[in-house]
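Structure, as structure tokens:
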Amino acid sequence: MSFAKEYEFLTEIGIAPRNSGGFVDGYWKGSGSVVSSVNPANNKPIAEVVEASLLDYEEGMQACFKASNIWMQLPAPKRGEIVRQIGDALRAKLEYLGRLLSLEMGKILPEGIGEVQEVIDMCDFPVGLSRQLNGSVIPSERNPNHMMLEMWNPLGVVGVITAFNFPCAVLGWNACIALACGNCVVWKGAPTTPLITIAMTKLIGEVLVKNNLPAAIFTSFCGGAEIGQAIAKDTRIPLVSFTGSSKVGLMVQQTVSQRFGKCLLELSGNNALIVMDDADIKLAVRSVLFAAVGTAGQRCTTCRRLLVHEKIYDSVVGQLLKAYKQVKIGDPLEKGTLLGPLHTQASRENFEKGIKVIKSQGGKILTGGSIIESEGNFVQPTIVEISPSADVVKEELFGPVLYVLKFKTFEEAVEINNSVPQGLSSSIFTRLPEVIFKWIGPQGSDCGIVNANIPTNGAEIGGAFGGEKGTGGGREAGSDSWKQYMRRTTCTINYGNELPLAQGINFG
Ligand code: NAD
């Protein structure tokens, strides 16, 4: 078998027309189902992958578990240095990886390259972090000759299950920190983006081998729910980081909890952007366009609800409708395209079903609302006028569908913002500092990400990323997220000859 001409570049990042999908103790294996990775722009196969089976999983996990003993004993700054080298390996292949991402997931090329860049940034982050996994010294009440301290130890193996829409950035948020913290990583990417899983794993594996380290420190499997469930059940994995829908996340959490494991959840969003009557309307309209149409509405942080003050409603909606008309829809790899296809044919069917439900609940389509007849999974960017109390508004429809809603007061807008089961991202457009500070405070947005005068999407890695309520409560990437990938050890040390007890207890 050989590649079609346009896919030949894939050999530069280790992809063949047929690939094994399990990275087991440094070797590629696959004894599961044979699947095709499909280009969402034309639904034609790109390459084949033999997925990992449960037998491959068990073999890979045994090696990974064994490797954790070696990795956790390497000094943290040395681990940081290895992660830095992974960043360099990705940097050298940035363009190819970005193109593959665009080809396989369907996001436009600048977003594909941007996503790989995010992983590179995540590889730079732990270089400093690995020298700052600081504990603390706490005064002991049993003085003299006692000392209390807290230190942070690695967990062992961290499981990372990721979604199709960010097939490598989410790996970066988790794996770069988990590795620097001294954990081995076992990764299962989305079943529809196996080529990105393989390309990333190859580059990471090569860096480990070059440093004479066991490649099993980073173990990965292409596969679906069966491998995901195996990770959730596996007592060798103390922490499972899961990114995906709230529905599947809840199942994973229940499975992990049954064995008293820990879960880090990054689940569905239903993000609102509020435009106050004093806002810079141009800035707001540009932000909504990027937040609602970018990645074809398939970001967890996509703006799904636009809340506009009644005084400027007609002006904002009018300008937005004009901007929507100019959105260039087409091949995500072509220059100038702003809206690529949805990821799968099933996503396109879901969009169609969603529009029917919207109409049945009183939604008025202002623009879009249809699929685009073609061999790819293209749909029209859509704006819908609807009541905030319609049931459909409470759900995450994973496509470029924006609900526009009118409000009278800031308090009413906050109430609508907070009225959905999800709590990921939110943003307000206003020039008034008193409104901004109310918005980010206890009476404001109940989301994990609370912005002002920027879109709901496009988070930076320096902050902790994640959301509340149905979004799962997890925090990943920057700030002190690293603490979740380590176990806190509280130590009281007696370096004298007396045995004073806490709370002044005299025990005989
Ligand atoms: P999904 O829930 O269908 O799948 C996510 C992952 O879970 C995939 O790897 C899948 O194979 C795996 N999986 C499926 N069934 C499983 C099971 N029973 N046990 C274990 N794993 C299982 O989600 P998706 O369609 O790939 O992604 C879209 C969703 O992800 C959206 O809801 C989006 O908002 C969410 N998301 C959230 C964030 C965030 O940071 N909050 C980021 C990206 C995506």
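When a ligand or atom number is given, it counts from 1 through the structure's own listing order. The structure displayed is predicted, hence computed values, not measured ones.
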Checking E476 against N174 for the side chain to side chain donor-acceptor pair (under 3.5 Å) test, could you report, in this order, the C-alpha distance in whole Å, the side-chain angles of both residues, the deciding distance, and whether it holds? CA-CA 7 Å; E476 292 174 359; N174 285 282; 3.2 Å; yes
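- Among all non-hydrogen protein atoms, the one lying nearest atom 10 (C) of ligand 1 is K188 NZ, 3.7 Å.
- Nearest protein neighbour of atom 32 (O) of ligand 1, counting heavy atoms only, is E396 OE1, 2.6 Å.
- Between the side chains of E104 and S37, at least one donor N or O sits under 3.5 Å from an acceptor N or O.
- Nearest-residue assignment for atom 27 (O) of ligand 1 (options G470, G223, A163; heavy-atom criterion): A163.
- Annotation for ligand 1: atoms under 4.0 Å from non-hydrogen atoms of P191 are 11 (O).
- The shortest contact between atom 40 (O) of ligand 1 and any protein heavy atom is with F465 CE2, 3.1 Å.
- Looking at atom 7 (O) of ligand 1, its nearest protein heavy atom turns out to be F242 CE1, 3.1 Å.
- In this structure, K202 is not positioned above the aromatic face of F23 in the sense of NZ or CZ being under 6.0 Å from the six-membered ring centre and within 45° of the axis.
- Each of the following atoms of ligand 1 lies closer than 4.0 Å to a heavy atom of Q229: 17 (C), 18 (N), 19 (N), 20 (C).
- From the protein, the heavy atom lying nearest to atom 24 (P) of ligand 1 is F164 CD2, 3.7 Å.
- Other residues, nucleotides and ligands place no more than 12 heavy atoms under 6.0 Å from the CZ atom of R286.
- Here's the thing with L267: one of its N/O atoms is less than 3.5 angstrom from an N/O atom of ligand 1.
- The residue from L402, V404, V384 that alone fulfils the side chain to side chain contact (heavy atoms under 4.5 Å, CB included) condition with L366 is V404.
- Counting only non-hydrogen atoms, the option in T301, T302, V248 that gets closest to atom 22 (C) of ligand 1 is V248.
- What sits closest to atom 28 (C) of ligand 1 on the protein, heavy atoms only, is F398 CE2, 3.8 Å.
- Short contacts between ligand 1 and N165, defined as distances under 4.0 Å to a heavy atom of the residue, involve ligand atoms 43 (C), 44 (C).
- Under a 4.0 Å N-O distance rule, the pair D121/R91 does not qualify as a salt bridge.
- Between R84 and D124 there is no salt bridge, since none of the side-chain N atoms of the basic residue sits less than 4.0 Å from a carboxylate O of the acidic one.
- You'll find the ring centres of W187 and F221 outside the 6.0 Å limit.
- Residue K328 places its NZ atom among more than 12 non-hydrogen atoms of other residues, nucleotides or ligands, all under 6.0 Å distant.
- Checked against a 3.5 angstrom limit, the closest N/O atoms of S246 and ligand 1 fall outside it.
- Per-residue contacts place S268 under 4.0 angstrom from the following atoms of ligand 1 (heavy atoms of the residue considered): 32 (O), 34 (O).
- Heavy atoms from other residues, nucleotides or ligands lying under 6.0 Å from CD of E226 number 12 at most.
- Here the shortest heavy-atom distance to atom 6 (C) of ligand 1, taken over T162, T192, V160, belongs to T162.
- Remark: the D56 side chain and the S53 side chain contain an N/O donor-acceptor pair separated by less than 3.5 Å.
- For ligand 1, the atoms closer than 4.0 angstrom to any heavy atom of G269 are 34 (O).
- The closest protein non-hydrogen atom to atom 36 (N) of ligand 1 is C300 CB, 3.7 Å.
- For a threshold of 3.5 Å applied to N or O pairs, the pair formed by S245 and ligand 1 contains at least one separation below that value.
- For atom 5 (C) of ligand 1, the candidate residues are T243, I161, L250; the nearest heavy-atom contact is made by T243.
- No more than 12 heavy atoms of other residues, nucleotides or ligands lie within 6.0 Å of CZ in F65, so this atom counts as exposed by the packing criterion.
- Near V252, with a cut-off below 4.0 Å to any heavy atom, the atoms of ligand 1 are 19 (N), 20 (C).
- Taking only non-hydrogen atoms, the option from P167, G244, A232 nearest to atom 29 (C) of ligand 1 is G244.
- For E58, the CD atom counts as densely surrounded, since its 6.0 Å shell holds more than 12 non-hydrogen atoms of other residues, nucleotides or ligands.
- Between F125 and V127, the closest side-chain pair of non-hydrogen atoms is not below 4.5 Å.
- Taking CZ of R299 as the start and CD of E111 as the end, the distance is 5.0 Å to the nearest 0.5 Å.
- Residue contact check for ligand 1: G189 places a non-hydrogen atom closer than 4.0 Å to it.
- Each of the following atoms of ligand 1 lies closer than 4.0 Å to a heavy atom of M251: 18 (N).
- Here the protein heavy atom with the shortest distance to atom 21 (N) of ligand 1 is G228 CA, 3.6 Å.
- At least one protein heavy atom sits closer than 4.0 Å to atom 34 (O) of ligand 1.
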